[in-house]
Amino acid sequence: MKFLAIALGLSLVITLQTSLRFAAGIGIGEIGLLLSSSLTILLRLVANPGWKIQGSSNYVFGFWAFLFIILAPVTVISFLNFLPGSSLRDLAAFVFSGMVILAVIANQKHLMVSCKTVIYALPLVIVFSYFFGGASSWYEELRFTAGAINPNQFALYLIVAQLLTIIAIERKFVLLGLNVFFLYFGLRSGSDAYLL
């Protein structure tokens, strides 16, 4: 399942590039997340049909309970009442997020593999976007987004990447280099959320 941990990490990074999604708002990253999450959960269930989520079961149960008891009804009611900004797509995104969480728990043995994949793949995407991404990598030609539609999306990725770097990287020189790299591009994003 190490391969699926790598696929999950790569898919998370590619999902950043929201400006490169297809017409339906779904891109290669989302397809990769769906496939890697589904396969991870399926393989876990095949290998251990009585699989129980240990340690974080209350959190997972709480997420799914909140999803079905509160988020789903509110989303459906808002959609049926034509409230601005409401969409059944939001519900799909919530379920999708829950699947990714379950996949991470199902493949917990290789969690650091997913983390390191994100840590090393994100700078590659950033550098490629910076030099070859063209207009799709910038917001109003001033704020760098690495292919995201909104600079704050990119900033949130950088914040998470910095936290993952602190958790997963042991070599101080690499840790420092990556954090300086992420800091530079966080400032280039011009995101108040990043500065905060």
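With contacts defined as side-chain heavy-atom distances shorter than 4.5 Å, the pair Phe182/Ile159 does not qualify. Annotation: side chain of Leu178 is in contact with side chain of Tyr120 (closest heavy-atom distance under 4.5 Å). Using a 4.5 Å heavy-atom threshold, the side chains of Ser189 and Thr145 count as separate.
For Arg21, the salt bridge (Lys or Arg N to Asp or Glu O under 4.0 Å) criterion is met by Glu30, not counting sequence neighbours. Residues forming a ring pair (Phe, Tyr, Trp, His ring centres under 6.0 Å) with Phe132 (at least two apart in sequence, or on another chain): Phe128. Applying the side chain to side chain donor-acceptor pair (under 3.5 Å) criterion to Ser114, with sequence neighbours excluded, gives no partner residue. For Val113, the side chain to side chain contact (heavy atoms under 4.5 Å, CB included) partners are Lys2, Ala5, Ile6, His110, Thr117, not counting sequence neighbours. Qualifying side chain to side chain contact (heavy atoms under 4.5 Å, CB included) partners for Asn81, counting only residues two or more places apart in sequence or in other chains: Ile77, Leu83. Residues that satisfy the ring pair (Phe, Tyr, Trp, His ring centres under 6.0 Å) test with Phe144, not counting sequence neighbours, are Tyr130, Trp138, Phe154, Phe185.
Atom CG of Leu183 sits about 13.0 Å away from atom CZ of Arg188, to the nearest 0.5 Å. For the atom pair Ile105 CD1 and Ile41 CD1, the distance stands at 9.5 Å (nearest 0.5 Å). With rounding to the nearest 0.5 angstrom, the CG atom of Leu122 is 6.5 Å from the CG atom of Leu16.
In the hydrophobic clustering of this structure, Phe181 groups with Leu164; members are Ile, Leu, Val, Met, Phe, Trp, Tyr whose side-chain heavy atoms approach within less than 4.5 Å, directly or through other members. In this structure, Leu80 is a member of the same hydrophobic cluster as Leu88, with clusters built from ILVMFWY side-chain heavy atoms closer than 4.5 Å. Tracing side-chain contacts under 4.5 Å through hydrophobic residues (I, L, V, M, F, W, Y), one reaches Val125 starting from Leu158; they form part of the same cluster. Note on Leu12: it clusters hydrophobically with Leu111, by side-chain heavy-atom contacts below 4.5 Å among ILVMFWY residues. Linking ILVMFWY residues whenever their side-chain heavy atoms come closer than 4.5 Å, directly or via other members, places Ile166 and Val118 in the same cluster.
In terms of heavy-atom proximity, Ser129 sits nearest to Ser137 at O-OG, 3.2 Å. Here the closest heavy-atom approach between residue Ser86 and residue Ser78 is recorded as OG-O, 3.2 Å. When all heavy atoms of Met99 and Ser38 are compared, the pair lying nearest together is CE-OG, 3.2 Å. The nearest pair of heavy atoms linking Leu8 to Ser37 is CD1-OG, 3.8 Å. Taking every heavy atom of both residues into account, Ile126 and Ala146 meet most closely at CG1-CB, 4.3 Å.
Pairs engaging residues 151-165 under the side-chain hydrogen bond (donor to acceptor under 3.5 Å, both in side chains) rule: Thr18-Gln153, Asn152-Ser191, Gln162-Asn179, Gln162-Tyr194 [sequence neighbours left out].
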Distance-only donor-acceptor hits, side chain of residues 90-97, under 3.5 Å, sequence neighbours excluded:
{"unit_1": "Ser97", "atom_1": "OG", "unit_2": "Ala93", "atom_2": "O", "d": "3.0"}

Review item, side-chain donor-acceptor pairs of residues 62-76, under 3.5 Å, at least two apart:
{"unit_1": "Thr75", "atom_1": "OG1", "unit_2": "Leu71", "atom_2": "O", "d": "2.6"}

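Cluster note: Ile31 groups with Ile14, Phe22, Ile26, Ile28, Leu35 through ILVMFWY side-chain heavy atoms spaced under 4.5 Å, whether in direct contact or through intervening members. Taking Ile, Leu, Val, Met, Phe, Trp and Tyr as hydrophobic and joining them when side-chain heavy atoms fall under 4.5 Å apart, one finds Met112 in a cluster with Ile167. Cluster partners of Phe3, using a side-chain heavy-atom cutoff of under 4.5 Å among ILVMFWY residues and allowing indirect links, are Met1, Leu4, Leu39, Leu43.
Judged purely by atom type and a 3.5 angstrom limit, Ser19 uses its side chain to pair as donor or acceptor with the backbone of Gly147.
The environment of CG in Leu196 is sparse: at most 12 heavy-atom neighbours from other residues, nucleotides or ligands sit within 6.0 Å.
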